[in-house]
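Every chain is numbered from 1 and lettered A, B, ... according to where its sequence line falls, protein lines coming before strand lines. All heavy atoms count here, side chains included; hydrogens, waters and symmetry mates do not.
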There are 2 protein chains.
Amino acid sequence: MPKPTLVDVAKVAGVSAITVSRALRSPDMVSDSLREKVHEAVRETGYMPNKSASALASNRTRSVVVVIPSISNNVFTDVMAGVAEALATAQLTMQIGNAGYDPEEEERLLRSFLNPAPHGVILAGVEQTPETLKMLENVDVPVVQIMDLDDNPIGKIVGFSNTDAAEAGTRHLVEQGYKHIGFLGAQMDPRSQQRLAGFKRALEKAGQFDPRSTATTNLPSDVQMGATLLGKLVSQYPECDAVFCNNDDLALGALFECHRRGIRVPLDFGICGFNNLGITGECFPSVTTVETPRKEIGRLAGQILSVDASEGYDKTIDLGYSLVQRESTTR
Amino acid sequence: MPKPTLVDVAKVAGVSAITVSRALRSPDMVSDSLREKVHEAVRETGYMPNKSASALASNRTRSVVVVIPSISNNVFTDVMAGVAEALATAQLTMQIGNAGYDPEEEERLLRSFLNPAPHGVILAGVEQTPETLKMLENVDVPVVQIMDLDDNPIGKIVGFSNTDAAEAGTRHLVEQGYKHIGFLGAQMDPRSQQRLAGFKRALEKAGQFDPRSTATTNLPSDVQMGATLLGKLVSQYPECDAVFCNNDDLALGALFECHRRGIRVPLDFGICGFNNLGITGECFPSVTTVETPRKEIGRLAGQILSVDASEGYDKTIDLGYSLVQRESTTR
DNA sequence: TTGCAAAATGATTGCGCAATCATTTAGCCT
DNA sequence: AGGCTAAATGATTGCGCAATCATTTTGCAA
């Protein structure tokens, strides 16, 4: 028994194939009785639409392409969860591409994903190659960039100001009275660079910036790297009495390294993270961090691509951030 | 300028369309000179194959469907990363389905993903509904189950024995001299139940099992829940002096709660986790855990589905586990 | 050279659906 | 009832590719 097609359903329902197609896709265009008959026939035959045929005929898929820098970074899995949630209600599926923080790879992935044109595209950041921009223009597919802000996005952009967020976190350390504040950063992608800029801005405003204060690497970011970088920082900047971390993994690594070295947090040393992953609120001492609306960003990006006319949304949507003060900076 | 098709490339190369198709898909079937000409024409036109048309004509996609219980669980993101890695080399893409620990939802997702037939399917565990099994049989698509073992998988199965792994972790606590060992578990899916069974087996063998020793919930598992469950455990089983946790998030939550309560780890209380997420090796004290080969499982599952004849692989592949002893159980 | 098999290339067809255009039916006014 | 418009339904076509079968070319032995 081969898979039933529209024609098979049509035969059972006693109507034409195109009517079945319409009954399923645009229910309001057919009469009530017919719609019921068609649904009955669908149930009877176990019909499932062939997505390839649909895509080929309409030159559009029901799939949103999401290209993220890393599949194992909690930040992006939160985003993905939000996207998935939003798309589910619109009967759309999600195609994940893992670009590994490389715009060229992003371009390669997109190229392979754009024929046939997907329903929409979600990209991280604004660092697309010129070829990518050209490609997206040619295909005429709705694009939402995420995790950043820009006055001139490809389509729409949903995110927050990494610079401002990092500045807020750093300023908080200043306000808590820390005098020699350092910065830890790994996987220094453009958004990390923005956060570094925000860090510098806060310290320059406070007249506290020291050129020895930043310890960064382009290696992947994880808890262990946080410990390593903290070691690097205190050896190059011994007076250092607090640190703003580019993300929570680094912050946790720094915290644990402080434990190991007998540095008292927050008394001798303040720590501020970035993102507000769940664990920062639970560990001991709990870690102050800048909360970012990751899931909400994903959800909104998915929503924007779900509706036909996304005109209701602004071109640039700033979902903001908020400082979550906890024990690691409260002395 | 519309997207170039095979015919356009063929015109430029001065050959027939089907030859272009062959030159791209089965390079050994065409002469060297022709292959070169075709590639040149592809470059010149910027041709990208239309995946829908290809899938429709061949009744197969180049996409592997991965249905996992949770998109925000680190365990499964590690698996996904492994799958993605393996598929990339075979020019296959990955379609993610998020089943939310619900076999019915898994069935719904699969139903929508199976027309046209994907290149392969990866499913977590062995708890598929009867309808799911029937569907998969009808479609005749290669299936790899993961994260568990079974003598009679749908196709192949790659994983480890959750029962044995948990027994090993619990036995380690026994061997370290802990006398009243408890169990923490959240999101009690079938694999968690197996781990609970392994826990009980170890304690019964040691003659130490106490019915008050298990604190579980069906709520989602996270660090906070670990803290909550530890509280529950010590109140219902005050003599408790060690705990085996169903996963590392719970173990970390338990560890932090011990800090808060002034319980000394490992001296007064031993903690063993499950999975060996990176952070367990870094926190203070570092946490003993049972390492599971998550990424390797994903990679192997992807590999099996990448090759045409997966006959080289056993039906059931046990990738094992290993105990990683750290400070939290070393007194 | 001829003959023949193997290798290389080509022509035709249909996959299942949606876009487009065509036709029928229902609803309503005069 | 006749005439009209809008709503509902149908027929035809082609999307771009790969499967299938057909034809041409090449290599090589006798």
**Request:** Can you see which heavy atom on B:Phe113 is nearest to which on B:Ile96, and at what distance?
**Result:** CZ-O, 4.0 Å

**Request:** Of all the heavy-atom pairs spanning B:Gly125 and B:Arg191, show the shortest one and how long it is.
**Result:**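 Looks like CA-NH1, 3.2 Å.
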
[atom1] of [X] versus [atom2] of [N]: gap in Å, rounded?
X: A:Leu24; N: C:dC17; atom1: CG; atom2: C1'; value: 12 Å
X: A:Tyr47; N: C:dC17; atom1: OH; atom2: C1'; value: 7 Å
X: A:Asp32; N: D:dA8; atom1: CG; atom2: P; value: 9 Å
X: B:Asn59; N: D:dA19; atom1: CG; atom2: P; value: 10 Å

**Message:** Does C:dA19 have OP1 or OP2 under 4.0 Å away from a side-chain N or O of A:Arg25?
**Reply:** yes

**Prompt:** Under 4.0 angstrom, heavy atoms only, what part of the nucleic acid is B:Pro49 near: base, sugar-phosphate, or nothing?
**Reply:** sugar-phosphate

**Request:** Give a yes or no on this: more than 12 heavy atoms of other residues, nucleotides or ligands lie within 6.0 Å of atom CD of B:Glu131.
**Result:** yes

**Prompt:** Just by distance, with hydrogens left out, do B:Arg60 and B:Ser58 show a side-chain donor and acceptor under 3.5 Å apart?
**Reply:** no

Protein-nucleic acid N or O pairs under 3.5 Å, nucleotides 8-15 of chain C:
unit_1, atom_1, unit_2, atom_2, d
C:dT9, OP1, B:Ser31, OG, 3.0
C:dT9, OP2, B:Ser31, N, 2.9
C:dT9, OP2, B:Ser31, OG, 3.4
C:dG10, OP2, B:Ser16, N, 3.0
C:dG10, OP2, B:Ser16, OG, 3.1
C:dG10, OP2, B:Thr19, OG1, 2.4
C:dG10, N7, B:Arg22, NH2, 2.8
C:dG10, O6, B:Arg22, NH1, 3.4

**Request:** Taking side chain to side chain contact (heavy atoms under 4.5 Å, CB included) as the test, write out the residues that go with B:Glu44, two or more places apart.
**Result:**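 Residues passing side chain to side chain contact (heavy atoms under 4.5 Å, CB included) with B:Glu44: B:Val12, B:Glu40.
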
**Electrostatic pair A:Glu107-A:Arg111, nearest N-O below 4.0 angstrom** = yes

